[in-house]
Engineer: 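Sharing a structure here in structure tokens format.
Note that the coordinates shown come from a computational prediction; the quantities given were computed from them, not determined experimentally. One-based numbering along the sequence shown.
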Amino acid sequence: MRAWVLLLGVLALAVTQAMRMPASARGEGSIGGMTALGAFEEEPIPASARRSVDDLLVLADHAREAGELQKADALLRQAIALDRRDSRAATTLRAMYQGPGVSLPVDQDAVSELQARLGPTFRATQTRHFVVLSDSDPAWTRSREAMLERTYRQVFRFADRLGMSVHVPEAKLMCVLVDDYDTYRSFAGEHDAVSAHWMAGYYTSTGNRVVFYNDRTGPHFREAESVLRGYEADARRAREESVIAHRRRDRDAVAAYAARADLIEEHVASERDRIAAAADAMSTAKTIHEAAHLVAFNIGLQLRTHQYPFWLTEGLATNFESETGEGAFGPDTSVEQREEELRRAMGEGRLLALREFVQMTHVPHDSEEAAGAMYPQAYSLFQHAARYDRGALRGLFEDLNEEPGGAVAPGRLLALFERHFGDVDAYERRWLRRIEQAR
């Protein structure tokens with residue numbers, strides 16, 4: 001499972017003070033950043049069907065010409081499993097689903113089971129690539145659906161630029177939107193064993209879905225709203241004092257109390273708008289972060305049966321975070337909040353030695369404090385690799401995808417890193433030097 005510690009570390013509350021939201025409160029993306037290894041083993045190819053990739057491609061072409069798209073799909077996925085570096089089957093599969101009238105199937109059994117767990121208040125809707133179950137406002141749900149689809153396109157864009165052979169998912173991808181924070185926490189703990197309080201959303205490999213809540217109902221925004229209601233009470237008291245002063249015919253006091261009430265009410269309205277905007281920005285970035293996990297683990301960029309180093313999985317997702325979801329986003333664009341967190345972690349000496357960091361698969365003990373440094377470090381390292389060592393990054397993904405399924409020994413992760421990026425200590429110096437030069 002992957003939980004989330006999203007961006008937007010600052011929630012300004014300038015009525016009398018600035019209120020900073022800690023990075024960990026944003027819920028970063030994995031249960032400790034670790035892939036939850038479930039029973040998602042690939043179907044073994046029967047002996048009678050163990051043909052070459054070329055044979056399978058020919059058979060798939062015949063099936064497509066006969067209009068047997070389900071058969072063609074199965075043959076192409078067999079070819080992909082035989083040789084993940086051969087892009088022909090993945091390219092053909094993608095082209096097949098771009099044709100008119102062809103759409104991804106829906107895993108109705110999985111949707112029905114999930115809907116039974118969630119209850120009757122959750123409504124299922126579909127987009128081109130997703131099934132969304134939501135009990136939230138329809139307009140907000142539609143806006144999240146749009147973000148899911150944009151993220152889908154951007155992750156494919158990145159994978160293509162990286163040179164990875166990726167394919168369409170086996171079925172539409174599932175997303176759960178929970179309007180209320182407390183309901184979200186209850187569902188996460190009961191059904192997905194997610195209990196870390198700082199996780200504002202997560203991707204689960206076993207359930208192969210993302211789950212998150214409407215940030216406007218979260219604890220930090222509730223706290224901000226509570227502060228604002230306190231100021232509204234001050235404004236009401238000022239109005240009452242103004243009425244009393246009017247009865248005394250104390251014009252100066254009437255004007256003073258009225259002015260004070262006006263100022264407080266104006267400030268409260270402004271801050272409420274800013275808090276709502278912050279919640280919307282956080283929600284967008286969180287949606288994109290979790291959707292990046294979901295897409296990556298379903299198109300062959302990563303495999304649900306496999307474990308990956310924390311920096312690779314969370315580095316990918318953090319590099320797609322966007323507060324607006326507009327335009328292109330990914331490792332070729334910077335995430336301002338992550339950059340700020342990185343500078344702060346560096347200034348406080350909290351970055352881990354790269355030799356240690358590249359061997360880690362999760363946040364130790366689900367520590368909120370450790371997560372606050374590990375996510376921006378993963379963001380920066382992945383961005384550096386994607387910008388300056390694209391071939392090495394592709395090679396690492398490909399090698400990890402060819403490893404036996406399940407956990408990978410830390411020493412093996414270090415060896416694979418150095419196979420593609422060279423000596424880890426020398427690479428660390430180059431990476432840090434580029435960060436310093438960019439300041």
Side-chain angles (χ1 to χ4, degrees), residues 2-14 17-30 32-33 196-201 215 218-221 223-224 274-275 277-279 281-286 288-289 309-324 329-331 333-358 360 362-387 427-439:
R2 189 116 340 85
W4 199 72
V5 178
L6 214 270
L7 41 78
L8 284 181
V10 176
L11 173 61
L13 182 59
Q17 60 183 16
M19 187 174 82
R20 178 172 291 275
M21 180 179 292
S24 56
R26 300 189 303 266
E28 300 242 316
S30 314
H197 71 277
W198 47 270
M199 295 179 180
D215 289 276
H220 293 277
F221 291 94
E223 181 182 346
R274 286 176 7 114
I275 289 169
M282 171 177 270
S283 176
T284 296
K286 180 174 65 177
I288 292 170
H289 180 118
F310 177 93
W311 78 270
L312 198 68
T313 296
E314 296 305 331
L316 184 151
T318 50
N319 269 277
F320 280 89
E321 292 168 359
S322 167
E323 295 182 21
T324 65
F329 47 90
T333 60
S334 294
V335 179
E336 182 179 345
Q337 185 59 36
R338 291 302 184 187
E339 298 285 347
E340 179 184 329
E341 291 173 358
L342 179 69
R343 289 190 293 270
R344 189 161 57 248
M346 290 181 68
E348 296 170 357
R350 293 191 296 128
L351 294 188
L352 295 169
L354 202 58
R355 179 175 294 275
E356 175 188 0
F357 189 53
V358 299
M360 299 178 72
H362 62 281
V363 175
H365 312 297
D366 284 340
S367 165
E368 180 177 349
E369 182 179 358
M374 288 177 64
Y375 278 86
Q377 183 168 355
Y379 157 81
S380 179
L381 181 60
F382 189 95
Q383 184 185 76
H384 183 275
R387 290 183 177 182
Y427 195 83
E428 180 176 36
R429 289 191 291 272
R430 291 197 300 274
W431 164 57
L432 292 175
R433 187 164 56 249
R434 281 208 172 100
I435 293 174
E436 293 292 342
Q437 291 170 349
R439 284 187 169 187

Engineer: Nearest 0.5 Å, please: how far is CZ in Arg434 from CZ in Arg429?
Structural biologist: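 Reported value, rounded in 0.5 Å steps: 14.0 Å.
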Engineer: Are Thr284 and Ile288 close enough, and set up right, to give a side chain to side chain contact (heavy atoms under 4.5 Å, CB included), and what steps lead you there?
Structural biologist: CA-CA 6 Å; Thr284 296; Ile288 292 170; 3.9 Å; yes
Engineer: So, Gln377 side chain and Leu342 main chain: donor-acceptor pair closer than 3.5 Å or not?
Structural biologist: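 No; zero donor-acceptor contacts below 3.5 Å.
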Engineer: Atom CG in Leu352, atom CH2 in Trp311: separation rounded to 0.5 Å?
Structural biologist: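 The CG atom of Leu352 sits 14.5 Å away from the CH2 atom of Trp311.
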Engineer: Shortest non-hydrogen contact from Arg387 to Ser334?
Structural biologist: NH2-OG, 3.4 Å
Engineer: With no hydrogens and no angle check, is any side-chain donor or acceptor of Lys286 less than 3.5 Å from a backbone partner on Ala200?
Structural biologist: yes
Engineer: Can you name the nearest heavy-atom pair linking Gly372 to Arg350, along with the distance?
Structural biologist: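 Result for this residue pair: C-NH1, 4.1 Å.
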Engineer: State, yes or no, whether a side-chain contact exists between Ile435 and Ser380 at a heavy-atom distance under 4.5 Å.
Structural biologist: yes
Engineer: Using 30° and 60° as the class limits, which term best fits the ring planes of Tyr375 and His289: parallel, tilted or perpendicular?
Structural biologist: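 Plane angle between 30° and 60°, so tilted.
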Engineer: Do Leu354 and Leu381 have side-chain heavy atoms sitting under 4.5 Å apart?
Structural biologist: yes
Engineer: Any side-chain heavy atom of Phe221 within less than 4.5 Å of one from Met282?
Structural biologist: yes
Engineer: Calculate, to the nearest 0.5 Å, the distance between atoms OG1 and CZ belonging to Thr324 and Phe329 respectively.
Structural biologist: 8.0 Å
Engineer: Please find the pair of heavy atoms, one from Ile275 and one from Ala224, that lie closest to each other, and give the distance.
Structural biologist: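 Looking at all heavy atoms of both residues, the shortest contact is CD1-CB, 3.5 Å.
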Engineer: What's the shortest heavy-atom distance between Asp215 and Ser283, and which atoms?
Structural biologist: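 That would be OD2-CA, 3.2 Å.
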Engineer: Rounded to the nearest 0.5 Å, what's the gap from CD on Glu428 to CG on Leu351? Could you check?
Structural biologist: 9.0 Å
Engineer: For Pro364, does its backbone N or O pair with a side-chain atom of Ser367 as donor and acceptor, under 3.5 Å?
Structural biologist: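 No; judged by distance alone, with no hydrogens or angles, the pair does not exist.
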Engineer: Would you compute the distance between atom OH of Tyr427 and atom NE2 of His384 and round it to the nearest 0.5 angstrom?
Structural biologist: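 The distance works out to 4.5 Å.
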Engineer: To the nearest 0.5 Å, what is the distance between CE on Met374 and CZ on Phe357?
Structural biologist: 5.0 Å
Engineer: Report the residue from Arg343, Arg344, Arg338 that forms a salt bridge (charged side-chain N to carboxylate O under 4.0 Å, His left out) with Glu340.
Structural biologist: Arg344
Engineer: For atom CD of Glu336, decide whether the heavy atoms of other residues, nucleotides or ligands shown that lie under 6.0 angstrom number more than 12.
Structural biologist: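 Count not over threshold, so no.
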Engineer: Can you confirm whether or not the ring centre of Phe320 sits under 6.0 Å from the ring centre of Tyr379?
Structural biologist: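 So the answer is no for these two rings.
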